[in-house]
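Have a look at this one before I ask anything.
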Amino acid sequence: MPVSADELCRGGMSYPVAIEVARQMNAGLTNGSAAKLMAVGMPGEQAKELARQINAGAFDSHKLALTNVNPALANTLKRTSGI
């Protein structure tokens with residue numbers, strides 16, 4: 001199931017960031033880029049952790065929450081990843 005930027009926005013992510021996150025997640029493994037996430041406004045540590053998890057193909061909502069990602073949004077990312 002593809003990740004929807006609209007669903008990420010409803011979870012609290014800004015639209016430009018949600019579009020880039022959805023694009024990277026839908027592109028699959030090894031497509032996570034912290035630089036691209038930071039370029040659209042995601043804070044550095046969050047971008048690095050999310051890119052690591054996209055590249056690994058495994059989402060850990062607890063690790064995302066530790067980088068100050070909204071816990072509800074972290075759960076949405078994990079759920080929509082299909083992993």
Side-chain angles (χ1 to χ4, degrees):
M1 178 178 145
V3 177
S4 164
D6 289 332
E7 187 170 2
L8 297 176
C9 284
R10 284 191 295 272
M13 194 175 272
S14 72
Y15 203 68
V17 173
I19 291 171
E20 183 60 25
V21 168
R23 188 196 66 74
Q24 289 185 23
M25 288 176 72
N26 290 331
L29 299 177
T30 73
N31 286 296
S33 169
K36 288 180 181 178
L37 292 171
M38 288 187 280
V40 293
M42 182 174 268
E45 287 305 310
Q46 290 178 10
K48 290 175 189 172
E49 183 59 37
L50 186 54
R52 270 193 293 271
Q53 292 189 25
I54 290 170
N55 289 333
F59 286 82
D60 182 338
S61 55
H62 179 69
K63 284 184 180 178
L64 287 170
L66 289 176
T67 62
N68 293 322
V69 171
N70 176 327
L73 183 57
N75 284 329
T76 299
L77 287 165
K78 180 170 177 56
R79 182 177 46 77
T80 60
S81 71
I83 299 170

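Since we're looking at a predicted model, the values are computed, not measured.
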* Asked: Minimum heavy-atom separation for A65 to A74, with atom names?
  -> N-CB, 4.4 Å

* Asked: Can you tell me how far CG of N31 sits from CD of Q24, rounded to the nearest 0.5 angstrom?
  -> 7.5 Å

* To do: Return the minimal non-hydrogen interatomic distance between A18 and C9, and the atom names on each side.
  => CB-SG, 3.7 Å

* With respect to M42, which candidate in E20, K36, M13 satisfies the side chain to side chain contact (heavy atoms under 4.5 Å, CB included) definition? -> M13

* Asked: Side chains of N75 and S61: do they bring a donor and an acceptor to under 3.5 Å?
  -> yes

* Enter the distance from S33:OG to M38:CE here, rounded to the nearest 0.5 Å. => 7.5 Å

* Asked: Is the shortest side-chain N to carboxylate O distance from E7 to R10 below 4.0 Å?
  -> no

* Asked: Hey, which of L50, L73, N26, V3 is the one that makes side chain to side chain contact (heavy atoms under 4.5 Å, CB included) with V21?
  -> L50

* **Nearest-0.5 Å distance that lies between atom CG in L8 and atom OH in Y15** => 10.0 Å

* To do: To the nearest 0.5 Å, tell me how far L64 CG sits from R52 CZ.
  => 10.0 Å

* To do: Look up atom NZ in K48 and atom CG in L37, then write down how far apart they are to the nearest 0.5 Å.
  => 12.0 Å

* How close do N68 and Q46 get, heavy atom to heavy atom, and via which atoms? -> O-NE2, 3.1 Å

* Asked: Do you know which two heavy atoms are closest between Q53 and D60, and how far apart they sit?
  -> OE1-N, 2.8 Å

* Structure fact -> Nearest heavy-atom contact between F59 and I54 is CZ-CG1, 3.7 Å

* Locate the shortest heavy-atom distance separating N70 from G11; write the atom from each residue and the value. => ND2-O, 4.2 Å

